[in-house]
Amino acid sequence: MPRQGLVAGPDFEYFRRRFFTPVEVAQHNQPEDLWVSYLGYVYDLTPLAQEYKGDLLLKPIVEVAGQDISHWFDPKTRDIRKHIDPLTGSQRYRTPRGRFLHVPPQLPRSDWANDFGKPWWQGSRYEVGRLSAKTRNIRIINTLTSQEHTLEVGALESMWEILHRYLPYNAHAASYTWKYEGEKLNMECTLEENGIRDEEEEFDYLNMDGTLHTPAILLYFNDDLTEL
């Protein structure tokens, strides 16, 4: 039975984020913590980097750690872009940065092992979520402590996902009622679905600084200190 005051919602011990912003992806830019995004999804290639540590074919991937590499791919086939090799006259993968892991060599070689199964870019084994195509800022104000934080969130994230983002600033976030302009928010819905419009384009059109008009969500404390 949930404790008194706890806002009903997902079990955050097993909660999995659906969306990540480009800024978040960019923070994972080392061989020991290597993320990339492509074609709208985010992938954690850290296990791949660990498996092939020291392999020269890993270098082109490490060089783009934390970046979006959608330009490597054909959006229709979701495979690496191909071209006609001028040396062999055959179709092969286009790799301007140099050949990388799981890409066959230009010519047959006895030292190339192709027993790795599917190439790393096929399938969802490294997928961690979707890339937020559109992000926006939101202010969250704790009316009990008067603390205020501004978060960058994905436009399609639910309020539960935004609450999850806010947990590092307030471990008791689920013990608060979340409101906007006096109305209790539906935590299953997005900001826009809760009537919190994204007016960034309108501010740009009017040459106004949108950061001075970031919407604010007010948090009202209930009656416990539930930690998630």
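Values in this document were obtained by computation on a predicted structure and should not be read as measured data. All residue numbers in this chain count up from 1 along the given sequence.
Leu131 and Leu156 fall into different hydrophobic clusters, defined by Ile, Leu, Val, Met, Phe, Trp and Tyr side-chain heavy atoms under 4.5 Å apart, directly or through other members. Linking ILVMFWY side-chain heavy atoms closer than 4.5 Å, directly or via other members, places Tyr41 and Ile61 in a single hydrophobic cluster. Hydrophobic clustering keeps Leu45 apart from Val128 (ILVMFWY residues linked when any side-chain heavy atoms are closer than 4.5 Å, directly or through intermediates). If you chain together hydrophobic residues whose side chains sit under 4.5 Å apart, Ile162 and Tyr169 fall into the same group. A continuous path of ILVMFWY side-chain contacts below 4.5 Å connects Val62 to Phe100, so both sit in one hydrophobic cluster.
The distance from atom CZ of Arg197 to atom CG of Leu191, rounded to the nearest 0.5 Å, is 13.0 Å. For the atom pair Tyr180 OH and Leu185 CG, the distance stands at 9.5 Å (nearest 0.5 Å). Separating the OG1 atom in Thr190 from the CZ atom in Phe19 is a distance of 10.0 Å, to the nearest 0.5 Å. If you take CZ on Arg92 and CD1 on Ile80, they are separated by 12.0 Å, rounding to the nearest 0.5 Å. Once rounded to the nearest 0.5 Å, the distance linking NZ of Lys179 with NZ of Lys184 reads 8.5 Å. Here the CG-CD distance, from Leu58 to Glu51, works out to 10.5 Å after rounding to the nearest 0.5 Å.
Inspection of the Asp85 and Gln106 side chains reveals an N or O donor paired with an N or O acceptor under 3.5 Å. Remark: the Ser158 side chain and the Glu188 side chain contain no N/O donor-acceptor pair separated by less than 3.5 Å. In the model, Ser37 has a side-chain atom that pairs as donor or acceptor with a side-chain atom of Asp68 under 3.5 Å.
Between Asn137 and Leu151 there is no side-chain heavy-atom pair separated by less than 4.5 Å. Counting only heavy atoms from C-beta outward, the side chains of Ile196 and Ile138 approach each other to under 4.5 Å. Looking at heavy atoms from C-beta onward, Pro96 lies out of side-chain contact with His71 at the 4.5 angstrom threshold.
For the pair Lys134 and Glu157, the salt-bridge criterion is not met [side-chain N within less than 4.0 Å of a carboxylate O]. A salt bridge links Glu63 with Lys59; the closest basic N to acidic carboxylate O contact falls under 4.0 Å. Looking at Glu161 and Arg18, a side-chain N of the basic residue comes within less than 4.0 Å of a carboxylate O on the acidic one, giving a salt bridge. Under 4.0 Å is where a charged nitrogen must lie from a carboxylate oxygen, and between Asp111 and Arg109 at least one such pair does.
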Output, in order, the C-alpha distance, side-chain angles, deciding distance and verdict of side chain to side chain contact (heavy atoms under 4.5 Å, CB included) for Arg139 and Ile217.
-> CA-CA 6 Å; Arg139 290 185 297 144; Ile217 293 174; over 6 Å; no
Dump the intermediate steps for side chain to side chain contact (heavy atoms under 4.5 Å, CB included) on Phe73 and Asp79, then the final yes or no.
-> CA-CA 5 Å; Phe73 297 85; Asp79 198 4; 5.8 Å; no
Test side chain to side chain contact (heavy atoms under 4.5 Å, CB included) on Arg136 and Glu152 and set out the steps.
-> CA-CA 6 Å; Arg136 57 183 297 191; Glu152 182 187 27; over 6 Å; no
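With respect to Trp121, the ring-ring contact (aromatic ring centres under 6.0 Å, His included) criterion is satisfied by exactly one of Tyr43, Trp72, Tyr93, Phe116: Tyr93. Gln27 pairs in a side-chain contact (heavy atoms from CB on, under 4.5 Å) with only one of the listed residues (Asn29, Val23, Val25), which is Val23.
The main-chain N or O of Glu127 is never found under 3.5 Å from a side-chain atom of Ser124 such that the two would form a donor-acceptor pair. Without hydrogens or angle criteria, Trp178 side chain to Ile140 main chain gives no donor-acceptor distance under 3.5 Å. Side-chain N or O atoms of Trp112 include none that pairs as donor or acceptor with a backbone N or O of Pro104 at under 3.5 Å. A donor-acceptor pair under 3.5 Å links the side-chain atoms of Asn222 to the main chain of Ser175, judged by distance alone.
For Tyr176 and Phe221, the distance between ring centers is under 6.0 angstrom. Ring-centre distance between Phe20 and His28: not below the 6.0 Å cut-off.
Annotation for Leu39: atom CG counts as buried by contact number, over 12 foreign heavy atoms lying within 6.0 Å.
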